[in-house]
There are 2 protein chains.
Amino acid sequence: MDEVSRLATVLRPVRAGNAFEETVERLLQVIKLGLVAEKLPPERELAAQLGISRVTLREAIRALAEAGYLTVRRGRYGGAFLTYTPPRPRRDDLRRAVVDMGTDDLGDALTFRMAVECGAAQVLATAALTEERRDTLRERLREVNSSGPDDYRRLDTAFHLAIAELTGSSLLAAACADARLRVTDLLNAIPVLRRNIEHAAIQHEAIVTAILAGDPEGARRAVAEHLEGTAALLRGFLA
Amino acid sequence: MDEVSRLATVLRPVRAGNAFEETVERLLQVIKLGLVAEKLPPERELAAQLGISRVTLREAIRALAEAGYLTVRRGRYGGAFLTYTPPRPRRDDLRRAVVDMGTDDLGDALTFRMAVECGAAQVLATAALTEERRDTLRERLREVNSSGPDDYRRLDTAFHLAIAELTGSSLLAAACADARLRVTDLLNAIPVLRRNIEHAAIQHEAIVTAILAGDPEGARRAVAEHLEGTAALLRGFLA
DNA sequence: CGTCAATGGTCTGACACTAGCCCAATAAGA
DNA sequence: TCTTATTGGGCTAGTGTCAGACCATTGACG
């Protein structure tokens, strides 16, 4: 923890890559997290939101279309339609995904996720929530608990992100989304079993109960336990 | 929390600004956080670390030199030397800084900081720490506790960042650094009083004790209490 | 069955940024 | 006093990105 290593924290690259690459990454996030139902917003609008030119956005869309994630149709009522269905997890996919990611990056991502999601739950449990927000949280819980295996990942993501978003901090929401994204591919490689869903449902209940009760310690602990299960499973492949 | 607002989390601008602006921002961070003692690394090296061209870096350095933060000297043993001393806080500086930042951004930053720093402390308290890391933490504590008013902010920053860095997650370290930076200007506008330092010292002790004892709940609570003091002070200016 | 609004497709001129090269200055050390 | 390694200063050719305009296509609706 000398001066050099402290510097490295701030003296990292200013930009993750070129605009094209970053855009592809972003769009993949939107698609894989299931944040958009059937088609992307119009190019002009999307380019404005992403702060890039239409040219660059279109290159990214073309790349994703060639990779099979999107199908683009012209004319009014056209657009970039999603044609992505998460592949059915196969034996050994997970191991390969974990190894691809690398020991250091995986540990980093899991630690990061643990910290920000626990922090978000704690903050939310500390805040004075409006009845509307409490309802939103209950609604997300209901959705994920009543989902079938096909929709499970998407609704689970929505539930976890909702906790961060309800804090009202967009920085925190972005951090949680980022953390989730770094393990999305790994999660998608884990088969969704009825038993896992039921187990997770109990933990989700505990999280919501603690948050609504205004119990930061309980919320923190519940999230930590919930995430530790997945983390331990993934870390197991590194041995 | 409809689809639109969930999208907004991910569909934010891919780049914060142009390379020049982001570089200036980064260098200011390094300077204001006191992460570098007397001069910046050589241009070629720095440009490589920041992932930008020397031309862009040099523009940023020139801007900072004109603003009085740096003095550049040519030739061997030359470089960009720091000539920045934090201005002595004056009455009303703080109020102006808070108002400049805006209600939403300030709340966002404070919430974000609360979440990531609490999360980092919790994670660190959960981890099995090597004796070396325990020593590093004790050392940072000792430094900040024995500092005078002049060095206080810098060593306080180092202490808080050390918690995140000791988790071994560079993502988490970056998030904490980011969170800290968003309130640096405000903190610098708060006079450093002996009474505040003593109060903070007790809280710092509690944080370290909980972490070293492997008590995540206690660590979380100690950090939350520590940060709540500052947060309440700043929020007071928004009323 | 035509109209037209909304959407993707394409082009151009301008600017930002980069990589790589060489020059100029400086101060430690022979 | 001279050499030389190290550092900032400056130039150029090439590429990435942007803003804005205009074209092409489509399908709902009158």
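Quick note on labels: first sequence line is chain A, next is B, and so on, each numbered from 1. Values reported hereafter were calculated over all heavy atoms of this structure, with side chains retained and with hydrogens, waters and symmetry mates removed.
- Put simply, CD on Glu43(B) is 10 Å from P on dG10(D), counting in whole angstrom units.
- Residue Arg54(A) places its side chain closer to dA21(D) than to any other of dA25(C), dA16(C), dA21(D).
- Using a 4.0 Å heavy-atom cutoff across all strands shown, Ile52(A) reaches sugar-phosphate atoms only and no base atom.
- Residue Leu46(B) holds its CG atom at 9.0 Å from OG1 of Thr23(B), rounded to the nearest 0.5 Å.
- Ranking dC21(C), dG9(C), dC11(C) by closeness to the Arg44(A) side chain, first place goes to dG9(C).
- Arg12(B) places no side-chain N or O within 3.5 Å of a backbone atom of Leu50(A) that could act as its donor or acceptor partner.
- Of the candidates dG27(D), dG8(D), dT18(C), the closest approach to any side-chain atom of Tyr77(A) belongs to dG27(D).
- Applying the salt bridge (Lys or Arg N to Asp or Glu O under 4.0 Å) test to every pair with at least one member in residues 101-115 of chain B, sequence neighbours left out, gives these pairs: Arg113(B)-Glu117(B).
- Under 3.5 Å, the side chain of Arg76(B) and the base of dA28(C) form no donor-acceptor pair of N or O atoms.
- Here the P atom of nucleotide dT26(C) and the CZ atom of Phe81(B) are 13 Å apart, to the nearest Å.
- At whole-Å resolution of the value, CD in Glu45(B) and C1' in dT6(D) are 12 Å apart.
- A donor-acceptor pair under 3.5 Å is absent between the side-chain atoms of Thr56(B) and the main chain of Ile52(B), judged by distance alone.
- OP1 or OP2 of dA16(C) has not a single side-chain nitrogen or oxygen of Thr56(B) nearer than 4.0 Å.
- Residue Gly51(A) is classed as a sugar-phosphate contact, given heavy-atom separations below 4.0 Å to backbone atoms only.
- Looking at which nucleotide of DNA chain D each of Pro42(B) and Ser53(A) is closest to, the 5′-most match is held by Pro42(B).
- Between His160(A) and His204(A), the ring-plane angle classifies as perpendicular under the 30° and 60° cut-offs.
- Protein atom CZ of Arg15(B) is 6 Å distant from nucleotide atom P of dT17(D), rounded to whole Å.
- The nearest heavy atom of DNA chain C to Ala80(A) and to Val55(A) marks one nucleotide each, and the one closer to the 5' end goes with Ala80(A).
- As a whole-Å value, the separation of Phe20(B) CZ from dC17(C) P is 9 Å.
- Look at CZ on Arg74(B): it is 20 Å from P on dT4(D), rounded to the nearest Å.
- Close to dG10(D), at under 4.0 Å from its OP1 or OP2, lies a side-chain N or O of Arg58(B).
- Glu38(B) has its CD atom 13 Å from the P atom of dT7(D), to the nearest Å.
- Rounded to an integer number of Å, the gap from Asn18(B) CG to dT18(C) C1' is 14 Å.
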